[in-house]
Student: 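Below is a structure I'd like to ask you about.
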Amino acid sequence: MPHIPMVKFSGARKEYGNIVAVKNLSLEVAPGECFGFLGPNGAGKTTAIKMLAGLLVPTAGSVAVDGHDVQAEPEEAKAVIGFVPDKPFIYEKLTGREFLDFVLDIHGFPRGKAAKKRAELLEMFSLTEWQEELVESYSHGMKQKLVITGALIHDPKLLVIDEPMVGLDPYGHTLVKGLFRKMCEEGNSVFMSTHTLAVAQELCHRVAIIEKGEIVAIGTVAELREKAQSDSEQLEAIFLKLTSPSQ
Ligand code: ATP
């Protein structure tokens with residue numbers, strides 16, 4: 001059987017008026033791979049992620065998820081994805097349970113089929129006792145945990161997550177890292193953008209560094225170290241060598 005990448009950007013470009021946010025982006029992420037997308041502020045990470053999630057239409061080129069072109073087959077592509085945006089929106093007047101039911105209904109995923117997964121995720125994130133409470137009473141970190149639960153509840157093959165650790169305490173970090181590892185061990189993929197380079201270094205099989213809408217380096221941390229001609233084991237030092245601060 002031919003190898004189908006879980007994510008495939010093919011010459012994707014996005015312009016906002018005169019601003020070219022993403023230029024000719026091509027990359028593939030394999031099933032089972034945890035992939036990190038790094039870059040200075042304004043580099044184009046969120047724009048690329050929004051094209052991947054089907055929220056922005058590329059000006060040129062295309063993006064495919066598990067063999068489905070996100071523009072041509074949006075429902076097939078979105079069925080495969082669990083998405084956590086950088087600024088998640090949750091209806092504050094729903095309870096946690098109602099929010100999760102809403103997410104399942106959008107995916108056309110039977111609520112009963114998700115019962116076990118829902119219970120597991122809520123327990124893992126210490127939200128079981130909070131599920132009948134309104135989201136407006138949740139802390140920032142609890143909301144982030146609920147959004148991650150919502151992204152995982154339909155058993156996606158691909159988790160797309162923009163800044164996974166925002167708002168989470170160290171327990172949350174550890175939990176989320178364990179979840180990502182497990183997802184990838186089971187043959188699923190994670191595509192994350194992050195400024196937390198230690199997380200990328202610890203979790204990601206490969207990372208891409210994007211600057212001004214273009215990939216400046218892609219590979220394992222060891223490969224990037226070689227490209228940057230850096231002695232450092234630390235991704236942060238490599239990142240600083242390969243990029244310059246945004247204006
Ligand atoms: P950060 O790390 O700061 O979140 P990023 O790498 O996610 O940045 P993007 O948010 O994708 O970067 O932005 C890339 C470029 O596109 C920036 O120059 C930004 O100002 C511009 N941009 C993003 N969204 C819009 C928009 N809706 N309209 C116009 N320009 C935009």
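Since the structure is predicted, the reported quantities are computational estimates derived from the model, not experimental observations. Just so you know, ligand 1 is whichever comes first in the structure, and atom 1 is the first atom listed for that ligand.
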Student: Is any side-chain heavy atom of Arg97 closer than 4.5 Å to a side-chain heavy atom of Arg118?
Tutor: yes

Student: Verify, without hydrogens or angle tests, whether Tyr138 (side chain) and Trp130 (backbone) share a donor-acceptor contact under 3.5 angstrom.
Tutor: yes

Student: List in chain and number order the residues that pass side chain to side chain contact (heavy atoms under 4.5 Å, CB included) with Glu76, two or more places apart in sequence or in another chain; answer none if no residue qualifies.
Tutor: His68, Glu73

Student: Lys14 versus Leu25: any side-chain heavy-atom pair under 4.5 Å?
Tutor: no

Student: Should the pair Lys113 and Phe109 be classed as cation-pi, given the thresholds of under 6.0 Å to the six-membered ring centre and 45° from the axis?
Tutor: yes

Student: Is any NZ, NE, NH1 or NH2 atom of the basic residue among Asp155 and Lys117 found under 4.0 Å from an Asp or Glu carboxylate oxygen of the other?
Tutor: yes

Student: Note every protein N or O atom lying under 3.5 Å from an N or O atom of ligand 1, pairing the names and giving the distance.
Tutor:
{"unit_1": "ligand 1", "atom_1": "2 (O)", "unit_2": "Asn41", "atom_2": "ND2", "d": "3.3"}
{"unit_1": "ligand 1", "atom_1": "2 (O)", "unit_2": "Lys45", "atom_2": "NZ", "d": "2.7"}
{"unit_1": "ligand 1", "atom_1": "2 (O)", "unit_2": "His195", "atom_2": "NE2", "d": "2.9"}
{"unit_1": "ligand 1", "atom_1": "3 (O)", "unit_2": "Asn41", "atom_2": "ND2", "d": "3.0"}
{"unit_1": "ligand 1", "atom_1": "3 (O)", "unit_2": "Gly42", "atom_2": "N", "d": "3.3"}
{"unit_1": "ligand 1", "atom_1": "6 (O)", "unit_2": "Ala43", "atom_2": "N", "d": "3.1"}
{"unit_1": "ligand 1", "atom_1": "6 (O)", "unit_2": "Gly44", "atom_2": "N", "d": "2.9"}
{"unit_1": "ligand 1", "atom_1": "6 (O)", "unit_2": "Lys45", "atom_2": "N", "d": "2.9"}
{"unit_1": "ligand 1", "atom_1": "6 (O)", "unit_2": "Lys45", "atom_2": "NZ", "d": "2.8"}
{"unit_1": "ligand 1", "atom_1": "7 (O)", "unit_2": "Thr46", "atom_2": "N", "d": "2.8"}
{"unit_1": "ligand 1", "atom_1": "7 (O)", "unit_2": "Thr46", "atom_2": "OG1", "d": "2.9"}
{"unit_1": "ligand 1", "atom_1": "8 (O)", "unit_2": "Gly42", "atom_2": "N", "d": "2.8"}
{"unit_1": "ligand 1", "atom_1": "11 (O)", "unit_2": "Thr47", "atom_2": "N", "d": "2.9"}
{"unit_1": "ligand 1", "atom_1": "11 (O)", "unit_2": "Thr47", "atom_2": "OG1", "d": "2.6"}
{"unit_1": "ligand 1", "atom_1": "12 (O)", "unit_2": "Gly44", "atom_2": "N", "d": "3.2"}

